[in-house]
Amino acid sequence: IYQSRNIDMVNLGKIHTGDTNTDIQITCQNTTTSDTNVAIDFSTDTATYQIIIIDPDDNESTHTASLLNSPGTDGVIHFVNGDSTLFDEAGVWGFKAKLTFDAGGVFTTNPIFKEVLG
């Protein structure tokens, strides 16, 4: 049983307004009762993956994500932005993962914040 979910942005470089093909990667981790973080092994714990993006005005958009490296033993999910209107303003944006497990349970992480440059 998972105690909580944490995320860590992986290799996310600078984002600018109007960017496309930005690969947003989130490492999903399980925090155990001993307060140790371990990447979730999606090869044995399958789920539906989403990445929620929060703009500077606190509006959320939800995007279907997938495993970066199948079979998912590293816990990294990602979403590649194909729309030049997604990052439509400069400012601080939030990114969080939402996981819906096949065995039951829905978990949404706390956001990580990243500046989008104009």
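This one's a predicted model, so the numbers in the text were calculated from it and none came from an experiment.
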Original post:
Angle class for the Phe95/Phe87 ring planes (parallel below 30°, perpendicular above 60°, tilted otherwise)?
Top reply: tilted
Original post:
What are the two closest non-hydrogen atoms of Pro111 and Ile54, and how far apart are they?
Top reply: CB-CD1, 4.1 Å
**OP:** Grab the two heavy atoms, one from Ala65 and one from Ile51, that are nearest each other, plus how far apart they are.
**Re:** CB-CG1, 3.9 Å
Original post:
Should Leu67 and Ile26 be regarded as members of a common hydrophobic cluster, given that ILVMFWY residues are connected when their side-chain heavy atoms come within less than 4.5 Å of each other, either directly or indirectly?
Top reply: yes
Original post:
Under 4.5 Å between any side-chain heavy atoms of Glu115 and Lys14, yes or no?
Top reply: no
Original post:
Do Val80 and Asn21 have side-chain heavy atoms sitting under 4.5 Å apart?
Top reply: yes
**OP:** Decide yes or no for Ile40 and Gln29: does some side-chain heavy atom of the first lie under 4.5 Å from some side-chain heavy atom of the second?
**Re:** no
**OP:** Locate the shortest heavy-atom distance separating Ala97 from Ile77; write the atom from each residue and the value.
**Re:** CB-CD1, 3.9 Å
Original post:
Residues two or more places apart in sequence or in another chain: which of them pass side-chain hydrogen bond (donor to acceptor under 3.5 Å, both in side chains) with Asp58?
Top reply: none
Original post:
Of Asp55, Asn81, Val116, Thr22, which meets side-chain contact (heavy atoms from CB on, under 4.5 Å) against Leu86?
Top reply: Asn81
**OP:** Answer yes or no: is there a side-chain heavy-atom contact under 4.5 Å between Cys28 and Leu99?
**Re:** yes
Subject >> Min side-chain heavy-atom separation Lys98-Thr62 under 4.5 Å >> reply: no
**OP:** For the pair Asp19 (side chain) and His16 (backbone), establish whether a donor and an acceptor sit closer than 3.5 Å, ignoring hydrogens and angles.
**Re:** yes
Subject >> Within-4.5 Å side-chain heavy-atom neighbours: Val92 and Pro56 >> reply: no
Original post:
Is any side-chain heavy atom of Asp57 less than 4.5 Å from a side-chain heavy atom of Glu89?
Top reply: yes
**OP:** Enter the distance from Ile24:CD1 to Leu68:CG here, rounded to the nearest 0.5 Å.
**Re:** 12.5 Å
Subject >> Side-chain donor/acceptor of Asp41 to backbone N/O of Ser43, under 3.5 Å >> reply: yes
Original post:
Quick one: CG on Leu117 to CD1 on Ile15, what's the gap to the nearest 0.5 Å?
Top reply: 8.5 Å
**OP:** Verify ring pair (Phe, Tyr, Trp, His ring centres under 6.0 Å) between Tyr49 and Phe79, making sure each step is shown before the conclusion.
**Re:** CA-CA 10 Å; Tyr49 321 105; Phe79 160 73; over 10 Å; no
Original post:
Which is it for His63 and Ile53 under the side chain to side chain contact (heavy atoms under 4.5 Å, CB included) test, yes or no, and what are the steps along the way?
Top reply: CA-CA 8 Å; His63 306 273; Ile53 300 174; 3.6 Å; yes
Subject >> Side chain to side chain, Phe101 and Asp45, heavy atoms closer than 4.5 Å >> reply: yes
Original post:
So, does Thr100 use its side chain to make a donor-acceptor pair with the main chain of Thr48 at under 3.5 Å?
Top reply: no
**OP:** Supply the atom-to-atom distance Lys96 NZ to Asn110 CG, rounded to the nearest 0.5 angstrom.
**Re:** 8.0 Å
Subject >> Straight-line distance of Asn69 CG to His78 NE2, nearest 0.5 Å >> reply: 8.0 Å
